[in-house]
Every structure is written in C-alpha cells, then in structure tokens.
Protein chains: 2
Amino acid sequence: MKETTAPDCSISASLDILGDRWTILILRDAFRGVRRFEDFRRDLTIARPVLTERLKRLVERGVLERQLYCERPPRYEYRLTEMGMALSPALVALMRWGDQYLSAGDAPTVLVHDACGHPLDQQFVCWECDETFTQYDIASRPGPGASTVS
Amino acid sequence: MKETTAPDCSISASLDILGDRWTILILRDAFRGVRRFEDFRRDLTIARPVLTERLKRLVERGVLERQLYCERPPRYEYRLTEMGMALSPALVALMRWGDQYLSAGDAPTVLVHDACGHPLDQQFVCWECDETFTQYDIASRPGPGASTVS
DNA sequence: ATAGGTGAGTTCGGATTCAGAACCAAGTCG
DNA sequence: CGACTTGGTTCTGAATCCGAACTCACCTAT
C-alpha cells in the first residue's frame with residue numbers, strides 16, 4: 001500500500017479548527033441564528049471559559065466574525081463568515097447521518113428546499129457527466145498540493 | 001465515558017460517536033483502506049491505548065466491524081460497516097472545506113467521479129424540483145421526532 | 001443613590017484524558 | 001533457541017478540560 005500520511009490531508013487541517021465537540025455545536029447554533037455569547041451559553045450549557053476560548057479561536061481562524069452591535073455598553077455578536085457558511089455541507093452531512101442511524105427513524109429536524117418545502121438530499125455531482133452519484137463511485141487522485149510520491 | 005445531551009439535534013447525537021479528533025482521523029484512514037491496528041497506529045502516530053479505546057467504541061456503535069483475517073495467530077481487521085460508509089458525505093465535506101479555505105488553493109488530494117475521472121462537486125438536491133442548489137436555499141422545519149422546540 | 005440584573009469575560013482547583021513507556025501473549029522466522 | 005511482529009493492556013506523570021465562583025461595566029427600577 002502506498003504512503004498516505006496525515007500531514008497532507010485537508011481533513012486533519014479542518015480538524016485543527018473544528019476538532020472538538022463544542023466547536024461544532026457552536027457552529028450548529030450559529031447556523032440556527034444564534035449570535036450572542038449568552039445565547040450560546042444557555043443553549044449549549046457550556047462553561048463560560050470554554051465558550052470564550054472556542055469563540056476566540058473561531059474568530060482567529062476566520063470562521064466567525066465579532067461585530068459590535070451595541071456601543072454603550074460594548075456588546076459583540078458572533079456571525080458566520082463566508083468561510084463559516086461554507087461548512088454547511090459538512091454539518092448537514094453530520095445531521096443526516098445522525099438522523100439516519102442514530103435516531104430510530106424520527107428526525108428531530110428536517111431540512112427542506114426553501115423554494116418548494118420538500119426534503120432535500122445531498123449528493124455528489126459530476127458536472128462533466130451532469131449526473132449525481134453516491135460514495136461508491138468516488139475515486140481519488142493526488143492534487144496540485146500533493147507532496148508525497150508513492 | 002459520558003453520554004451527554006439529550007439530542008434535540010442529530011448533530012449532537014453524531015458527535016457522541018465522532019466527537020473527538022482521533023475518531024475522525026481513524027475513519028479517514030479507514031476510507032483510505034487502512035484496516036489493521038498497527039497500520040492505524042503508525043499512520044496516525046496515536047498512542048496505543050487511545051487507538052484501542054477508539055476502535056472499540058466505533059465497533060460498539062456499529063461504525064466499524066472487527067473481522068478475523070488470520071486464524072493462527074488470531075488477527076483482526078477493522079472494516080467500515082454500511083453505517084460507517086454512510087459517513088463519506090461528511091468526510092468529503094470536511095475535506096473540501098479544508099481544501100478550499102486552509103490549504104492555499106493546493107488540494108493535496110482530489111476526489112473524482114470514478115466513471116470519468118473529473119473532479120466531483122457536492123450539492124444539495126431536491127428530487128421534487130429535480131435541481132441542485134446551495135446552502136442559501138435551505139430551510140428547516142421540525143421533523144417527526146421533534147420533542148423540544150427552539 | 002443604590003440595589004439588583006445582565007452580558008461578557010477571567011481565575012482557579014479538581015477531574016479527565018492523553019502520551020509514552022514498559023509489559024504481555026501468541027505465533028513466526030532465522 | 002532468541003529475535004521479531006501484531007495486537008493489545010497496565011501504569012504514571014503531564015496536559016487539558018471544565019464548572020463554580022468572581023469581576024467588571026453598564027442598565028433599570030425604586
């Protein structure tokens with residue numbers, strides 16, 4: 001088997017930011033529209049120091065941005081950046097997996113196509129062939145940033 | 001080991017299984033074809049006890065299965081179950097996010113459509129409207145398993 | 001003006017968890 | 001035989017996480 005090591009894998013880079021339970025739950029809340037420190041804290045029942053630290057990290061890495069929404073007293077809210085919004089396929093995938101395998105067929109929340117209200121699906125798409133397909137039709141090959149050669 | 005959270009949300013249920021860094025890296029390796037204890041350990045440079053514990057948990061939860069591949073001496077390998085395979089959209093999404101935002105435009109690995117070799121995309125699909133769309137066209141509503149509303 | 005409440009943090013111990021090394025067992029190879 | 005491999009387990013000190021309590025700045029009602 002060829003050498004496929006951790007360092008040049010984007011998954012481990014992503015996990016450097018998202019790699020703990022709380023961070024992902026914070027982002028889930030952010031997608032639901034939660035923006036303020038105290039709202040995150042109450043909803044997650046997360047300890048304050050942990051929330052402080054996670055929010056700071058997410059802001060540093062560019063996933064959230066901290067915006068003043070009240071001058072006196074200074075109050076900030078945390079909003080998803082474009083980079084943060086781009087995580088939605090990952091969160092949706094996690095949620096659908098949980099729905100399918102962990103909640104006995106009763107999904108607590110259903111995501112729908114805004115335009116028509118019908119449940120959405122998530123698929124891999126090939127724009128060349130112009131068709132959708134599943135994980136069984138995926139292959140991989142080294143990309144431009146590949147460093148190791150087998 | 002704590003089973004946190006009554007999941008008002010399938011994401012937190014998923015995170016109960018996947019909620020730490022090592023677990024996801026183990027699954028990433030599993031998708032790449034790694035199957036044996038010692039191969040996981042070497043590739044991830046993870047401490048043995050941690051790997052033992054994570055593999056055991058993944059087997060208990062049904063994400064991996066432990067199969068005898070050698071009778072004398074008894075040797076086992078860890079393979080993705082169907083439930084484990086179903087995580088691929090989540091891992092693919094994570095990888096693509098890392099590619100796009102964390103690796104300066106140089107993706108270490110590119111996923112392609114096996115049939116034609118062209119890079120794949122990941123999209124939301126509505127089978128009613130028969131069209132693909134992005135995260136900006138998603139809405140959510142309570143599903144059959146909704147208990148607490150927020 | 002003062003007492004109480006709130007939003008956003010910080011400080012500080014104690015409990016987990018982790019890494020690293022040593023140890024074990026069962027078998028194989030030289 | 002003795003060395004080596006795979007797949008673990010047990011131990012221990014170090015790093016990390018987390019919750020409770022405290023702070024600080026401001027607002028509101030009395």
Side-chain angles (χ1 to χ4, degrees), chain A residues 1 3 5-7 12 15-30 32-61 63-80, chain B residues 1-6 12 15-30 33-61 63-80:
Chain A
M1 181 174 302
E3 233 237 283
T5 24
S12 79
L15 290 177
D16 250 19
I17 297 181
L18 310 172
D20 78 301
R21 184 188 173 73
W22 287 125
T23 300
I24 295 181
L25 290 175
I26 289 168
L27 290 170
R28 180 206 61 181
D29 271 18
R32 297 209 284 218
V34 177
R35 303 226 164 96
R36 301 187 188 171
F37 189 91
E38 216 37 44
D39 292 336
F40 283 113
R41 206 194 58 76
R42 263 192 299 266
D43 189 58
L44 300 173
T45 55
I46 180 178
R48 289 164 188 280
V50 179
L51 179 57
T52 303
E53 199 275 328
R54 295 299 187 281
L55 288 174
K56 198 190 308 179
R57 158 180 296 224
L58 287 170
V59 170
E60 275 167 11
R61 304 302 187 90
V63 179
L64 296 179
E65 60 187 347
R66 191 165 178 260
Q67 274 184 351
L68 198 66
Y69 74 90
C70 174
E71 300 249 339
R72 308 177 49 76
R75 288 292 137 82
Y76 299 92
E77 60 182 15
Y78 299 86
R79 292 167 161 272
L80 289 166
Chain B
M1 137 170 53
K2 53 173 182 179
E3 312 287 294
T4 37
T5 349
S12 79
L15 290 178
D16 251 19
I17 298 181
L18 310 172
D20 79 302
R21 187 188 171 71
W22 286 127
T23 300
I24 296 182
L25 289 175
I26 288 169
L27 290 171
R28 180 205 60 185
D29 270 19
V34 176
R35 303 226 165 95
R36 301 190 189 170
F37 189 92
E38 216 37 46
D39 291 336
F40 283 113
R41 206 194 58 76
R42 264 193 299 266
D43 189 56
L44 300 173
T45 56
I46 182 178
R48 288 166 186 278
V50 180
L51 180 56
T52 303
E53 198 274 329
R54 294 299 187 279
L55 288 174
K56 198 190 307 178
R57 159 180 294 227
L58 287 170
V59 170
E60 275 166 13
R61 304 302 188 89
V63 179
L64 297 179
E65 61 187 346
R66 191 164 178 261
Q67 274 185 352
L68 199 67
Y69 72 90
C70 174
E71 299 249 342
R72 315 172 41 76
R75 286 293 136 79
Y76 298 92
E77 61 182 15
Y78 298 86
R79 292 167 161 273
L80 289 165

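Below, all heavy atoms of this structure are taken into account, side chains as well, without hydrogens, waters or symmetry copies.
Put simply, A:Arg66 has a side-chain N or O that comes within less than 4.0 Å of OP1 or OP2 on C:dG9. Residue B:Tyr78 places none of its side-chain N or O atoms closer than 4.0 Å to OP1 or OP2 of D:dT6. When the side-chain nitrogen and oxygen atoms of B:Thr52 are compared with OP1 and OP2 of D:dT9, one or more of them lie within a distance under 4.0 Å.
The separation between A:Arg35 atom CZ and C:dA8 atom C1' is 18 Å, rounded to whole Å. Following rounding to the nearest Å, B:Glu38 (CD) and D:dG8 (P) show an atom-to-atom distance of 10 Å. Taking atom CG of residue A:Asp39 and atom P of nucleotide C:dG9, one finds them 13 Å apart after rounding to whole Å. The separation between A:Glu77 atom CD and C:dG9 atom P is 12 Å, rounded to whole Å. One atom, CZ of A:Arg42, and another, C1' of C:dG7, lie 9 Å apart when rounded to the nearest Å. Distance A:Asp43 CG to C:dA8 P: 15 Å, rounded to the nearest Å. One interatomic measurement links the two molecules: CG of A:Leu55 to P of D:dC18, which rounds to 14 Å at whole-angstrom precision. Rounded to whole Å, the distance from CZ on A:Arg36 to C1' on C:dA8 is 12 Å.
In this structure, the side chains of B:Val34 and B:Ile26 stay at 4.5 Å or more apart for every pair of heavy atoms.
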ask   = How does protein contact run along nucleotides 18-30 of chain C, one letter per nucleotide 5' to 3', with B for base contact, S for sugar-phosphate only, - for none, heavy atoms under 4.0 Å?
value = SBBB-----SS--

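Shown here are the side-chain contact (heavy atoms from CB on, under 4.5 Å) partners of A:Arg66, two or more places apart in sequence or in another chain: A:Val59, A:Tyr76, A:Tyr78. Applying the side-chain contact (heavy atoms from CB on, under 4.5 Å) criterion to B:Val50, with sequence neighbours excluded, gives B:Trp22, B:Ile46, B:Ala47, B:Arg54. For B:Arg41, the side chain to side chain donor-acceptor pair (under 3.5 Å) partners at least two apart in sequence or on another chain are B:Glu38. Residues passing the salt bridge (Lys or Arg N to Asp or Glu O under 4.0 Å) test with A:Arg61, sequence neighbours excluded: none. Legend: residues meeting side chain to side chain donor-acceptor pair (under 3.5 Å) with A:Glu77, ordered by chain and number and at least two apart, are A:Arg79.
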message = One pair to check against salt bridge (Lys or Arg N to Asp or Glu O under 4.0 Å): B:Arg21 and A:Asp16. What are the steps and the verdict?
response = CA-CA 8 Å; B:Arg21 187 188 171 71; A:Asp16 250 19; 3.5 Å; yes

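Residue-level contact check: B:Tyr69 touches the backbone only, with heavy atoms under 4.0 Å from sugar-phosphate atoms and none from bases. The residue A:Arg41 sits apart from the nucleic acid: no heavy atom pair falls under 4.0 Å.
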